[in-house]
Amino acid sequence: MLMNDNKIVLAYSGGLDTSIILRWLIDCGNEVVAYVADVGQDDDFDEIATKAEACGASKVYVEDLKDEFVNNYVYKAIQANAIYEGQYLLGTAVARPIIALRHVEIAKREGAKILCHGATGKGNDQARFELAYMKLMPDATIYSPWKDPVFLSEFKGRTDMIDYADKHNIPIPVSLKKPFSIDENMLHTSYEAGVLEDPSKRYDISMFKKGTHPFNAPNTPEYIKITFENGKPSKVVNLDNGHAVKGPTDIFNYLCNLGLKHGIGIVDMVENRLMGMKSRGVYVTPGGTILYNAHRDLESITLDKEVQYYKKIMEVEIGKLIYNGLWFSPEFEFLMKAIDHSQKSVNGDVEMVLYKGNASAISRSSSSSLYDGAVASMDEEGGYDQTDAKGFIKIFGIRLKAGSKK
Ligand code: ARG
């Protein structure tokens with residue numbers, strides 16, 4: 001689909017791919033508005049905006065989405081204990097919906113009907129963007145150059161892109177020389193491609209852009225206390241020095257820094273992509289891992305046994321929906337209503353120790369605690385008549401006896 005004379009809003013990262021897409025769309029006779037989403041990646045946004053203008057964008061939006069990202073996306077995922085295939089805390093997947101949402105808002109403001117993104121045709125991100133656009137702006141036309149035969153015939157490989165960039169004075173970023181595909185935001189940094197494409201190969205820890213590996217983490221543990229209100233962190237106190245942090249974004253940044261210092265949240269895994277292929281990734285989710293562990297621990301005393309059980313089942317499904325790009329879907333909305341409801345009792349404090357890659361809960365307390373010390377105790381009767389257990393087990397095991405007689 002080669003377009004001309006259209007107004008297009010392009011999700012622009014400042015990297016080589018989206019710079020080429022931007023320039024190419026203009027060459028095809030279109031007007032392009034560049035939209036840059038700041039979700040906490042370590043970038044120079046002024047530089048990116050200047051680059052977009054230099055590539056010919058008619059207007060550049062740099063949108064600071066950090067507070068909204070933490071509050072309405074990261075913390076919701078934590079409340080749900082959302083996780084994919086048992087390990088991945090969904091750092092990239094949780095950021096895509098908010099990026100797409102603002103993209104649509106800008107298109108509407110600009111009166112543009114075409115939304116363009118630079119995600120490839122092999123990954124999950126294309127689905128996450130496009131499914132969100134479909135829900136939020138059903139009348140939009142989605143243009144995905146990496147799925148357009150015309151674009152593909154012009155850019156068959158890296159060399160074509162570099163030649164094109166040279167011809168149009170598009171600076172080739174140093175990151176091109178880096179052998180990894182990195183996606184970064186406040187929640188995580190992901191590493192894919194390069195040596196990681198062979199799952200039997202180890203990576204070198206020099207791959208990490210920031211933070212410490214547990215090998216080099218401090219030899220002294222650090223103790224913190226996290227207070228939760230309705231399943232969201234409302235305060236963190238460093239128990240070693242008394243430093244207190246409040247406010248959603250400040251708390252999150254503080255935990256990220258502590259996590260990076262102690263080498264927390266590194267996962268090396270092979271996952272199943274939505275498109276079916278397996279893919280190896282290394283994820284660093286420092287603050288998210290601390291919060292996830294603390295939150296799950298607090299739920300152990302604040303959630304009813306059966307609510308906990310059904311929530312656990314939903315968590316797996318929610319993780320899958322987020323991974324598969326279905327944040328804006330009726331089923332996600334439906335499940336998250338139940339999560340919201342469950343979080344009403346998730347209030348209290350969790351003390352955590354951070355030490356060489358681990359973030360472990362060491363104490364928990366809550367005014368809504370369901371833990372009954374007297375009933376659980378080995379030392380006292382606590383209003384629990386042990387002889388009652390006889391009848392309970394007798395009835396509970398009726399079917400086992402019946403089955404054994406056959
Ligand atoms: N495999 C992860 C996911 O699908 C990370 C993707 C990273 N994205 C990227 N454009 N480098 O969520």
Side-chain angles (χ1 to χ4, degrees), residues 10-21 35-43 48 69 73-74 76-78 80 82-100 103 116-132 144-147 158 161 173 175-176 178-199 203 207-210 265-286 288-289 292 316 318-328 332:
L10 164 71
Y12 180 71
S13 71
L16 183 64
D17 289 22
T18 50
S19 297
I20 286 174
I21 293 168
Y35 152 56
V36 186
D38 173 4
V39 280
Q41 66 275 39
D42 189 15
D43 275 338
I48 294 178
F69 176 49
Y73 295 82
V74 174
K76 282 202 172 146
I78 300 272
I83 196 161
Y84 184 66
E85 296 187 340
Q87 295 197 82
Y88 173 37
L89 288 187
L90 297 158
T92 296
V94 170
R96 296 316 188 194
I98 184 176
I99 296 173
H103 197 165
C116 176
H117 68 79
T120 72
K122 280 193 169 184
N124 299 311
D125 290 326
Q126 50 170 341
R128 295 170 185 154
F129 286 134
E130 294 180 25
L131 294 170
S144 164
W146 293 117
K147 295 192 283 270
R158 238 34 197 165
M161 299 185 68
S175 61
L176 190 68
K178 288 198 188 133
F180 300 104
S181 163
I182 297 174
D183 180 55
E184 188 186 25
N185 60 45
M186 292 173 87
L187 179 55
H188 88 166
T189 309
S190 72
Y191 302 85
E192 290 178 338
V195 66
L196 298 173
E197 282 183 357
D198 180 347
Y203 63 85
M207 172 182 80
F208 294 119
K209 276 185 73 179
K210 56 186 178 192
I266 301 174
V267 168
D268 177 349
M269 68 184 283
V270 175
E271 76 206 39
N272 291 291
R273 281 195 200 152
L274 174 62
M275 321 304 286
M277 66 284 256
K278 291 190 186 288
S279 156
R280 200 260 192 106
V282 174
Y283 303 110
V284 184
T285 319
T289 302
Y292 182 94
V316 174
I318 289 170
K320 228 181 294 166
L321 292 178
I322 297 175
Y323 187 88
N324 289 344
L326 291 162
W327 186 284
F328 299 113
F332 185 76

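Read the numbers this way: they start at 1 and go in the same order the structure lists the ligands and their atoms. Bear in mind that the values here come from a model prediction, so they are computed numbers and not experimental data. Every heavy atom of this structure was used, including side-chain atoms; hydrogens, water molecules and symmetry mates were not.
- Taken to the nearest 0.5 Å, the CG atom of L326 stands 11.5 Å off from the NZ atom of K320.
- Here is the list of ligand 1 atoms found below 4.0 Å of a heavy atom in R96: 10 (N).
- When non-hydrogen atoms are compared, ligand 1 lies under 4.0 Å from neither the backbone nor the side chain of E184.
- Considering backbone and side-chain atoms together, E271 places an N or O closer than 3.5 Å to an N or O of ligand 1.
- Close contacts between ligand 1 and S181 involve ligand atoms 11 (N) [criterion: under 4.0 Å to a heavy atom].
- The shortest heavy-atom distance from S190 to ligand 1 is under 4.0 Å.
- The distance criterion of under 3.5 Å between nitrogen or oxygen atoms is met by R128 with respect to ligand 1.
- The CD atom of Q87 lies 10.0 Å from the OH atom of Y283; values are rounded to the nearest 0.5 Å.
- Scanning all protein heavy atoms for the shortest distance to atom 12 (O) of ligand 1 gives Y88 OH, 2.6 Å.
- Cation-pi geometry between R280 and Y191 is not met at under 6.0 angstrom from the ring centre and within 45 degrees of the axis.
- One distance of note links CD of E184 with NZ of K209; it measures 3.5 Å at 0.5 Å rounding.
- With a 4.0 Å cut-off on non-hydrogen atoms, L90 does not touch ligand 1 at all.
- Among protein heavy atoms, atom 2 (C) of ligand 1 sits closest to Y283 OH, 3.1 Å.
- Counting heavy atoms from C-beta outward, Y88 and T285 have side chains that stay 4.5 Å or more apart.
- Between atom CG of residue N272 and atom OH of residue Y323 there is a gap of 7.5 Å, rounded to the nearest 0.5 Å.
- Interface atoms of ligand 1 facing N124, defined by a heavy-atom separation under 4.0 Å, are 3 (C), 4 (O).
- For F180 and F208, the ring centers sit 6.0 Å or farther from each other.
- Heavy atoms only, all atoms of each residue included: A11 and T18 are closest at O-CG2, 3.6 Å.
- Taking any N or O of D183, backbone or side chain, none lies under 3.5 Å from an N or O belonging to ligand 1.
- Between D125 and R273 there is no salt bridge, since no side-chain nitrogen of the basic residue lies less than 4.0 Å from a carboxylate oxygen of the acidic one.
- At a 4.0 Å heavy-atom cut-off, ligand 1 does not touch R280 at all.
- Summarising the geometry of Y35 relative to I99, their closest heavy-atom pair is OH-O, 2.8 Å, with the distance given to 0.1 Å.
- Looking only at heavy atoms of the protein, atom 8 (N) of ligand 1 is closest to D125 OD2, 3.0 Å.
- Residue contacts with ligand 1, taken as heavy atom pairs separated by less than 4.0 Å, involve E192 solely via side-chain atoms from C-beta onward.
- Under the 4.0 angstrom criterion for non-hydrogen atoms, R273 is not in contact with ligand 1.
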